Amino acid sequence: MTILTFPPGSALRVHPDDSVAVALRPLAAGEIAGVLLREGIGQGHKFALHAHAAGDVVTKYGLPIGMATRAIAPGDHVHSHNLATALAGELEYAEGSHSAFSAAPVGQQPEWQGYLRTDGLAATRNEVWILPTVGCVGLTAEQVAREATQRHAGRIDGVHAYAHPHGCSQLGDDLAGTRAALAGLASNPNAAGVLLLGLGCESNQLDRLLEDVPVAARGKVRTLSSQSAGDELAEAARLVDELVEQAATARRQALPLSALRVGLKCGGSDGLSGLTANPLLGRLTDRLCAAGGTAILTEIPEIFGAEQALLARSRDAETFAAGAALVNRFKRYYLDQGLPVSENPSPGNLAGGITTLEEKSLGAVQKAGTATLNHVADYGTQAPAGGLTLLESPGNDAVSSTALAAAGATMVLFTTGRGTPLGFPVPTIKVASNRALAMAKPHWIDFDASRALDEGAEAADAAFIDCLLAHSGGQPTAAERAGQRAIAIWKRGVTL
């Protein structure tokens, strides 16, 4: 290992064994940042710290992020022109090669103001949700929600409809996935009441959907078939009014950090995401899980290349095997379509400095900190309370965030280096990886994680806890203020 010195604020070598460093600001050719830079390096982009021959492994985070495709000199820009993925297909993971990590609780648990439901789960919002069984009544659901919002303004935290295009012309596992996702959303604690609004002739029949809703949640659910009702708008309004009357009796109360159930998500990552925003969430995950709270990690294609380090933290051989099977099942999903497993990063990721899927994945899994992997959950199923769960879902922002809400997350913590306005069924805290994004898009961003570079991790963590507790306690997120709420269901099968 070569010891190199970087001028303050110029660049960062993430791990002592790394063969590249990351520019923390735009660097000019001729600057010295550990090495003499042979060309300009954009913020978030990498440069070589020593010579690489074609075929040599390039390391970041102390692990391989790909192979050099040609000779790279010290100070050269390292990106898609000279670095390529080494990922291929499915892997055989060594059964039993697991060792659970544990983090000691950090001080006294902070409190937040939430709603405690009768089943013992805690909610960050007290809302009524209208979930259409099929796309045909999606606009009807939205109309019902708009009118109910006007009638009941200020009585509860909101009445919201979540339209989608699915629920008919689907078969087998594809239809079952739609049903499972909607049933999971119906059971989310943030929904104090739920109207399942059907058409009547769709594949996703109301009675079958209701069977998938957990028994403990069925008491807050009402159903309506539009084809069977005389005036479906009037009947839907009556049912929503009934649900609002019940929900309006709930009051916020002081709850411990351990009552939170957070979903971990990143979207539009850049080269700083794995240095600032994702580690910030990782430290929060460790603290939350140590306190007995629940964290849910998803985006399975975006852990390819980092899965072995994550699986090594499984609590036991059974969890390890379930996680390995999930990763390989997702790889097979790609391969069966004739697609490479490494068809990632996105154009925005590349522009922000991320080159290979290994690099993206190694940065992304940092959201899970060092917590023990306690559970593995299939798409549309509930994450058990307590500890870290790995949830089946693709990386698409709307699909994976919807899956997190369906798994029981009452907050989504969403890191981003490029930015997005989109919000989801549960409050979504947008965490910027870089200051430029936070300053340019205050109407998108709730927290600037780049302050960890200037103020230190401890100060940034304390500020983020304050941010999390405030939004959990009712302060609207940027997406909520903008009215940005949407769902997307993972469709995998044919359409009739």
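This structure is a prediction, so every number in the text was calculated from the model and none was measured. Basis for what follows: all heavy atoms, side chains included, without hydrogens, waters or symmetry-related copies.
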Taking [X] for the side chain and [Y] for the main chain, is one N or O donor matched with an acceptor at less than 3.5 Å?
X	Y	result
E299	C266	yes
R179	G167	no
T428	V412	no
R315	N374	yes
K220	V128	no
R222	V240	no
H471	D446	no
S400	N396	yes
K441	A438	no
T276	S433	yes

Reported OG-to-CZ distance for the pair S472 and R252, which is rounded to 0.5 angstrom = 8.5 Å
Evaluate the criterion side-chain contact (heavy atoms from CB on, under 4.5 Å) for residue pair V134 and N204; output intermediate values, then yes/no.
-> CA-CA 7 Å; V134 65; N204 187 24; 5.7 Å; no
Charged N to carboxylate O below 4.0 Å: is that the case for [X] and [Y]?
X	Y	answer
D397	K265	yes
E127	R485	yes
K331	E307	yes
E211	R218	no
D157	R125	no

Within a strict 4.5 Å, meaning less than it, do heavy atoms of the [X] and [Y] side chains meet?
X	Y	answer
Y379	T298	no
L260	T124	yes
S225	L206	yes
T416	S269	no

I'd like to know if the side chain of [X] pairs up with that of [Y] as donor and acceptor (distance under 3.5 Å, no hydrogens or angles considered).
X	Y	value
Q170	T178	yes
H166	D174	no
N126	R117	yes
E358	T85	yes
N349	D270	no
Q143	E147	yes
T133	E202	yes
N434	S450	no
Y115	N190	no
Q382	S187	yes

Could you report the tightest heavy-atom contact between [X] and [Y], atom names first, then the distance?
X	Y	answer
G408	R261	O-NE, 3.1 Å
D378	L391	O-CD1, 3.6 Å
P189	A123	O-CB, 3.3 Å
P110	R287	CD-NH2, 3.6 Å
V376	G323	CG2-N, 3.7 Å
G386	T294	N-OG1, 2.7 Å

Anything under 30° is parallel, anything over 60° is perpendicular, the rest tilted; go ahead and classify Y333 against W490.
-> perpendicular
CG of L233: more than 12 outside heavy atoms within 6.0 angstrom?
-> yes
For T370 and D286, what are the C-alpha separation, side-chain angles and deciding distance, and is it a side-chain hydrogen bond (donor to acceptor under 3.5 Å, both in side chains)?
-> CA-CA 6 Å; T370 61; D286 286 346; 3.0 Å; yes
From CA spacing to verdict: side-chain contact (heavy atoms from CB on, under 4.5 Å), V399, I489 = CA-CA 6 Å; V399 173; I489 294 172; over 6 Å; no
Does NZ or CZ of K430 lie under 6.0 Å from the centre of the six-membered ring of F447, at an angle within 45° of the ring axis?
-> no
Worked check of side-chain contact (heavy atoms from CB on, under 4.5 Å) between R146 and Q150 | CA-CA 7 Å; R146 282 195 303 271; Q150 294 176 349; 5.8 Å; no
